Amino acid sequence: MRLDKFLKVSRLIKRRTVANEACDAGRVSVNGKPAKASVQVKPGDVIEIRFGTKDVKAEVLKLEDTTKKEKAEELFRYL
């Protein structure tokens with residue numbers, strides 16, 4: 001699954017266009033490397049997102065094309 005789509009489906013970032021912009025600006029990294037929006041993520045990958053002064057680090061647990069808001073947190077685990 002593409003990184004930008006995973007960020008949207010998991011609700012780590014609210015909209016896919018915002019996820020794209022964050023990737024383009026170099027604020028998202030996968031497994032310690034700067035990542036573009038088109039990078040394929042898989043379970044076990046560690047995603048880091050820099051939101052201004054706050055850093056979010058999460059591990060991908062599973063992938064789904066769509067999910068309900070209540071189940072979105074099952075897709076990742078905060079580190």
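All values below come from the heavy atoms of this structure, side chains included, with hydrogens, waters and symmetry mates left out. This structure is a prediction, so every number in the text was calculated from the model and none was measured.
The side-chain heavy atoms of L12 and Y78, taken from C-beta on, include a pair separated by under 4.5 Å. The shortest distance between side-chain heavy atoms of P43 and L61 does not fall below 4.5 Å. Taking 4.5 Å as the limit, some side-chain heavy atom of V46 sits within range of a side-chain heavy atom of L79.
Under the rule for a side-chain hydrogen bond (donor to acceptor under 3.5 Å, both in side chains), R27 has no partner lying at least two apart in sequence or in another chain.
In terms of heavy atoms, R16 sits closest to D4 at NE-OD2, 3.2 Å. V9 and D65 get closest at one heavy-atom pair: CG2-O, 3.3 Å. Across F76 and A58, no two heavy atoms sit closer than the pair CD1-CB, 3.9 Å. Residue L63 comes nearest to K42 through the heavy atom pair CD1-CA, 4.2 Å, listed as atom of the first residue, atom of the second, then distance. Counting all heavy atoms, side chain and backbone alike, A37 lies closest to C23 at N-CB, 3.6 Å. The two residues S10 and A72 have their closest heavy-atom pair at O-CB, 3.7 Å.
Annotation: the span from K5 atom NZ to Q40 atom CD amounts to 11.0 Å, rounded to 0.5 Å. From R2, atom CZ reaches atom NZ of K8 across 13.5 Å, with rounding to the nearest 0.5 Å. Residue R11 holds its CZ atom at 11.5 Å from CZ of F6, rounded to the nearest 0.5 Å.
A continuous path of Ile, Leu, Val, Met, Phe, Trp and Tyr side chains, each step under 4.5 Å between heavy atoms, connects L75 with V18, placing both in one hydrophobic cluster.
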Hey, can you pull the donor-acceptor pairs under 3.5 Å for the side chains in residues 47-54, sequence neighbours left out?
{"from": "R50", "atom 1": "NH2", "to": "G26", "atom 2": "O", "distance (Å)": "2.6"}

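Residue pairs meeting the salt bridge (charged side-chain N to carboxylate O under 4.0 Å, His left out) criterion with at least one partner in residues 67-79, sequence neighbours excluded, are E59-R77, K62-E74.
When atom types are taken as modelled, the side chain of R15 and the backbone of I13 share no donor-acceptor pair closer than 3.5 angstrom.
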